[in-house]
Number of protein chains: 2
Amino acid sequence: MIVDTPTQTVLYTLEQAIKAYRKLCQHNLDAVAGDITVDQALTLIVLDKHPSLNQQQIAELVFKDKASITRIIELLIQKGLLTRELHPTDRRKFALSITAQGKHILARLSDTILLNQQTALAGLEQAELQQFHQTLQKIIANCVAPPPCA
Amino acid sequence: MIVDTPTQTVLYTLEQAIKAYRKLCQHNLDAVAGDITVDQALTLIVLDKHPSLNQQQIAELVFKDKASITRIIELLIQKGLLTRELHPTDRRKFALSITAQGKHILARLSDTILLNQQTALAGLEQAELQQFHQTLQKIIANCVAPPPCA
DNA sequence: TAAATATAGTTGATATATCAACAGAAAGGT
DNA sequence: ACCTTTCTGTTGATATATCAACTATATTTA
């Protein structure tokens, strides 16, 4: 299929979709939480859901670099949403905990996340989403381990 | 559909796909062109294909901010792939032209772009791509102009 | 034509992505 | 115990994203 875009493929549209979605997310986030970014919110959510994971594992979970996570966490601490203490048994790691203020923001975030998802995926049937997800998985597999013919 | 990811949706997978694709692109690019980024390559290609567009229009075409384009162009000039002169009729604009070296790199880029696309989309049928593209367009439309119910 | 407005591009500030180099700590093997 | 390797996280350098403020120029309008 030919799409009239610079690189003539759906991958260009993929880029466009992600950027549109990020913009929507940030917009909705601004409405409920003061001065936090989508990535900071995502990191906070993941830290809340998976308190036992270390930073490296968190990074993998959100497809970020461990360096990026370090800096995002730094900002979350600066904003008073997170505290960092020494890990009791492994002194390479840190024990991160979410502050009361962080919990407060988290509570307001869940609605926003739902809103983001429902807005972006409005009017899409289950079957269509299913198909979409499968295609994405194929693309990911192709990119991560390119088939020999390529 | 439920996906076992932090935000439980395909939008998460979308993010993953884009990152995997970008990594593949940079990897393939590194193999043929010395020291240029995917965004720089894309900008060079678009400048070549649309020499009459101004920076703002280029920015829209590649879904970037005009500030980003300014900086990318700056780097392309530094690398000797582009020259910037005064625009003959509108002194707010610039006349950008691709140098011989830029043309040389461009020539080698086209193969890489094809490779990137073919690698990422290997094994996908036309019908699947068509459907995928349509779904992406729906998501984009939803994000840009959220339906009132949301 | 003078004033108001719009447009093109740059710059600054901040956040994130990526890679490489690094330090400290833990684990393993001898 | 000692040495090597591995693991965890930080830091630096550079590129990009985003928003806002700004300059210079063009266009519109009164």
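Labels below follow one simple rule: chain letters A, B, ... track the order of the sequence lines, proteins then strands, and each chain is numbered from 1.
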What does Thr89(A) touch in the nucleic acid at a heavy-atom separation under 4.0 angstrom: a base, only the sugar-phosphate, or nothing?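 The answer is sugar-phosphate, as Thr89(A) gets under 4.0 Å only of primed atoms, P, OP1 or OP2.
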Can you tell me if Lys79(A) uses its side chain to pair, donor with acceptor, with the backbone of Ile36(A) under 3.5 Å?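 No; judged by distance alone, with no hydrogens or angles, the pair does not exist.
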For [X] and [Y], test the side chains for any donor-to-acceptor distance below 3.5 angstrom and give the result as yes or no.
{"X": "Gln131(B)", "Y": "Thr135(B)", "answer": "yes"}
{"X": "Gln56(A)", "Y": "Glu60(A)", "answer": "yes"}
{"X": "Ser97(B)", "Y": "Thr83(B)", "answer": "yes"}

Examine [N]: is either OP1 or OP2 under 4.0 Å from a nitrogen or oxygen in the side chain of [X]? Give yes or no.
{"X": "Lys64(A)", "N": "dT16(C)", "answer": "no"}
{"X": "Lys19(B)", "N": "dA17(C)", "answer": "yes"}
{"X": "Ser68(A)", "N": "dA17(C)", "answer": "yes"}

Just the rounded figure in Å: distance from [atom2] of [N] to [atom1] of [X].
{"X": "Leu29(A)", "N": "dT16(C)", "atom1": "CG", "atom2": "P", "result": "11 Å"}
{"X": "Phe63(A)", "N": "dT18(C)", "atom1": "CZ", "atom2": "P", "result": "12 Å"}
{"X": "Glu15(A)", "N": "dT16(D)", "atom1": "CD", "atom2": "C1'", "result": "11 Å"}
{"X": "Ile18(B)", "N": "dT16(D)", "atom1": "CD1", "atom2": "P", "result": "16 Å"}
{"X": "Leu42(B)", "N": "dA17(D)", "atom1": "CG", "atom2": "P", "result": "10 Å"}
{"X": "His87(B)", "N": "dA8(C)", "atom1": "NE2", "atom2": "C1'", "result": "11 Å"}
{"X": "Arg22(B)", "N": "dC19(C)", "atom1": "CZ", "atom2": "P", "result": "13 Å"}
{"X": "Ile58(B)", "N": "dA17(D)", "atom1": "CD1", "atom2": "P", "result": "15 Å"}

Once each nucleotide of nucleotides 7-15 of chain D is scored for protein heavy atoms under 4.0 Å, what B/S/- sequence comes out, 5' to 3'? BBBBBBB-S
Looking only at heavy atoms, which two atoms of Ala95(A) and Leu86(A) are closest? And how far apart?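 Closest approach of Ala95(A) to Leu86(A), heavy atoms only: CB-O, 3.9 Å.
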Are the side chains of Ile69(B) and Val62(B) in contact, using a 4.5 Å heavy-atom criterion? yes
For His87(B), does the NE2 atom have more than 12 heavy-atom neighbours from other residues, nucleotides or ligands under 6.0 Å away?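 Counting other residues, nucleotides and ligands, NE2 of His87(B) exceeds 12 neighbours.
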